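Right, one structure below, let's go through it.
Values in this document were obtained by computation on a predicted structure and should not be read as measured data.
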2 protein chains.
Amino acid sequence: MKGAEPTPEPAGRRQRKRQKTASHLADVAFGLFEEQGYEAVTMEQIAAEADVAKATLYSHFPMKEALVAHRLRDEIVEGMSALADQLARHRSFVSRMQFLLRESAAWHAAKRTYLPHYLRYLHSIADTADGGAIEDSGSMATWNALAMMFRAAQQDGEVTRAIPAGQLAWSLQYLLYGAVTHWLLHPGTDLAKAFLQAFALLMNGAAADRPARVRKPASTGKTSPGSSR
Amino acid sequence: MKGAEPTPEPAGRRQRKRQKTASHLADVAFGLFEEQGYEAVTMEQIAAEADVAKATLYSHFPMKEALVAHRLRDEIVEGMSALADQLARHRSFVSRMQFLLRESAAWHAAKRTYLPHYLRYLHSIADTADGGAIEDSGSMATWNALAMMFRAAQQDGEVTRAIPAGQLAWSLQYLLYGAVTHWLLHPGTDLAKAFLQAFALLMNGAAADRPARVRKPASTGKTSPGSSR
DNA sequence: CACCTTTCTTGAACGATGTTCATAAACATA
DNA sequence: TATGTTTATGAACATCGTTCAAGAAAGGTG
């Protein structure tokens, strides 16, 4: 029951060994996290437990949050592939996406404690403009899947082709990010519901259904007197 | 030319003095930032320059990013009020919003260097679930303005009433946040354009204009008279 | 005015983080 | 096998953010 390996054969043996020790470190770290809580565990502790030097640990994971990110990224990737066939069973794009969002919400709820640290990590690599580091930043897995789904929906005529699928994907991702943030701040709210609402908004838009109904032909004064907020 | 005071009369004299020293500290910090760059300036340096103890500085601003946030929040608030009358000149909601987004994009471009730190601050107060701290977190100013605009648009019939204005406001905010993040990572892209595209997406949605055109007639024999919405 | 209470400031320490560097080991290539 | 490159090591280091007890200042009360 060791950590999964989303990257099958990296290249040389060196790279493989490096990834192996990385996974080992992440495993050890997660063991300590679940044992004593994330905050209570220090980097030195992790290094000692894994029997490596602190500098070695830092060469793999520059921050403590990166350990969380490593694990969660793996989980996302394998979760995605696990859901692949179930996704294919759904006929329409909307149905597929709603299923995915529900699953995603459940996953978020399960990993709730680690999400703040994961998000902090994602945010931290965003401003260190590393360029290359973003390519496999974990949220890329989600992004790729979403983009593929949007692209397929565009070809099926369910989604407009006027907007690139990639742009739709990250638009949805940021809407979901907002929902997660809100949910983390206000426990008890329904994350799945928020996800679905965000998706519905993205699909249908916020414009009034009937294009600018003739409200206010003159000074109105018609019905609905309560307009002051 | 001192820092503005968005909070006119807080309450007692004590509170006022506290806010005054806070503004003083932020001013001193910003002077050093522009002089030596954000990273190069340390908290001890700021405290020394402002002639207070380090603990005092930390009691006002728990992190270095909070100094940036304090200043930018003030700028946002006064910028909003400065734009209020210009906003009122625009007739339609879409026109108003596009104007606001263009101005906002220009402001972001001007403050570019500080944005990563500001965003990091916003993100940091999100997971410390302080509850009360969020109420005046600076992005609240933007959120309030957006929510009011959406509410007005709903009353004018330009925006659907099926979704609360507040929800629309933070949906847009997270879309804009995504655009800013993307822009910070990829300089040279047009932020104003991205803002306007995000807004257009929020308004019009991503669903295909013609509901499920008859692509792939084999599967569903339905002639699809367009009922998906 | 004298007194008490609350809040803020101060200085100094502290642990943890993240960084640095020279050295040694492991590996790849020839 | 010999050489060069990547990685691991151990130890030191600066800074950050935090903590604490004690003093100073503002506020309220008699």
Is the phosphate of C:dT17, meaning OP1 or OP2, less than 4.0 Å from a side-chain N or O of A:T42?
-> yes
In whole angstroms, how far is the P atom of D:dA8 from the NZ atom of A:K20?
-> 13 Å
Below 4.0 Å: OP1/OP2 of C:dC8 and any side-chain N or O of B:H60 = no
Round to the nearest Å and state the distance from B:E39 atom CD to D:dC16 atom P.
-> 11 Å
Close approaches to DNA chain C from residues 46-57 of chain A, in residue order (heavy atom, under 4.0 Å) = A:K54, A:A55
Report yes if some heavy atom in the side chain of A:Q154 is under 4.5 Å from a heavy atom in the side chain of A:L168; otherwise report no.
-> yes
Within a strict 4.5 Å, meaning less than it, do heavy atoms of the A:S124 and B:R120 side chains meet?
-> no
Taking the side chain as C-beta and beyond, is there a heavy-atom pair between A:M203 and A:F93 under 4.5 Å?
-> yes
Distance in angstrom units between B:R18 CZ and C:dT6 P, rounded = 18 Å
Starting at atom CD of B:E65, determine the distance to atom P of D:dC16, rounded to an integer number of angstrom.
-> 11 Å
Mind listing the closest non-hydrogen atom pair of B:Y121 and B:A69 along with its distance?
-> CD2-CB, 3.1 Å
Comparing B:S59 and A:Y58 on DNA chain C - which has the more 5′ nearest nucleotide = B:S59
Would you say B:R96's side chain and B:H90's backbone share a donor-acceptor pair under 3.5 angstrom?
-> yes
For A:R16 and C:dC27, what is the distance between atoms CZ and P respectively, to the nearest whole Å?
-> 12 Å
Nearest-Å distance for atom pair CD/P, residues A:Q19 and D:dT6 = 17 Å
Measure the shortest side-chain to side-chain distance between B:L115 and B:W183 over non-hydrogen atoms and say whether it is less than 4.5 angstrom.
-> yes
Please report, rounded to the nearest Å, how far the P atom of D:dT9 is from the CE atom of A:M43.
-> 14 Å
Starting from C1' on C:dA26, measure out to NZ on A:K17 and report it in whole angstrom.
-> 7 Å
Donor-acceptor pair, side chain of A:K64 and main chain of A:V41, under 3.5 angstrom | yes
